[in-house]
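Working notes for the structure below.
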Amino acid sequence: MRQTLARVTLLLAACSLFACGQPDPISVSDARIRELVPGRTTTAAYFSLRNHSGAPLTLTGAESARTSSIEMHTMVTSGDRVGMRRVPEVVVEPGASADFAPGGLHLMVFGVEDLQAPFPITLIFADGTRLPVDFTILSLNPGS
Ligand SMILES: [Cu+2]
């Protein structure tokens, strides 16, 4: 009896977490990963993350079985130098979105041997939520 009650409570908790019957609390669009430069195994991935929930959303990282590791980076300018810096987390306020795009926030993707679409990357959030996303390939030569 006690066990059943615990299970029901768990179900209810899961339901409120994922907002049963309502739009997903998180949506991802424009997920794309840059084509590999010949001879390289490191590339960048971009996407737009929207928080539909009523609470701040904290992205803490990403992983994929098809990479050796993934880091969150942003571009920083000091003087006339442009570099990259690792970002430990990205907080998206309720109703807001975060754009991972060329020139700004991006996923730095290491150890890619075989880049084929759909390329799966799982986004990891501070509350334990894991969101699998399929990335399309972003051509190095958009004109071709
Ligand atoms: Cu980077």
Side-chain angles (χ1 to χ4, degrees), residues 3 6-144:
Q3 211 174 0
R7 211 168 281 159
V8 169
T9 311
L10 254 179
L11 265 174
L12 283 175
C15 233
S16 59
L17 252 180
F18 296 107
C20 288
Q22 288 176 8
D24 289 340
I26 310 167
S27 65
V28 173
S29 55
D30 290 332
R32 59 224 192 268
I33 182 166
R34 195 179 281 273
E35 197 177 28
L36 287 172
V37 173
R40 302 258 187 96
T41 58
T42 301
T43 187
Y46 310 108
F47 56 93
S48 182
L49 176 68
R50 189 157 187 89
N51 179 7
H52 303 278
S53 80
L57 181 68
T58 305
L59 181 67
T60 55
E63 64 179 34
S64 169
R66 308 233 311 249
T67 72
S68 58
S69 65
I70 300 178
E71 294 177 357
M72 290 196 292
H73 285 184
T74 191
M75 304 296 279
V76 284
T77 309
S78 64
D80 53 1
R81 285 203 179 162
V82 178
M84 295 190 290
R85 196 187 56 201
R86 197 169 177 177
V87 178
E89 60 178 39
V90 172
V91 179
V92 187
E93 295 302 324
S97 55
D99 283 323
F100 283 65
L105 285 168
H106 57 278
L107 294 181
M108 204 79 227
V109 182
F110 299 97
V112 180
E113 300 296 341
D114 184 24
L115 189 63
Q116 295 204 29
F119 193 88
I121 293 177
T122 298
L123 302 180
I124 302 165
F125 298 88
D127 66 359
T129 300
R130 298 172 61 85
L131 184 67
V133 178
D134 280 338
F135 284 65
T136 60
I137 310 297
L138 180 62
S139 172
L140 287 173
N141 308 299
S144 67

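Atoms within each ligand, like the ligands themselves, are counted from 1 in listed order. Along the sequence shown, the residues carry numbers beginning at 1. Since the model is a prediction, treat every value here as computed from it, not as a measurement.
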**Asked** Is there a donor-acceptor pair under 3.5 Å between the side chain of S69 and the backbone N or O of F110?
**Response** no
**Asked** Quick one: CZ on F135 to CG on L115, what's the gap to the nearest 0.5 Å?
**Response** 11.5 Å
**Prompt:** Do side-chain atoms of R50 reach the backbone of S29 as a donor and acceptor pair under 3.5 angstrom?
**Reply:** no
**Fill in**
Ignoring waters, protein N/O/S atoms under 2.8 Å from the Cu ion (ligand 1) are H73 ND1, M84 SD, H106 NE2, M108 SD
**Message:** Please identify which of these residues, L123, D30, L105, meets the side-chain contact (heavy atoms from CB on, under 4.5 Å) condition with F47.
**Reply:** L123
**Item:** Selection residues 33-49 - residue pairs positive for side chain to side chain donor-acceptor pair (under 3.5 Å), sequence neighbours left out
**Value:** R34-Y46, S48-D99
**Complete:** In short, T136 meets A117 closest at the heavy-atom pair CA-CB, 4.4 Å
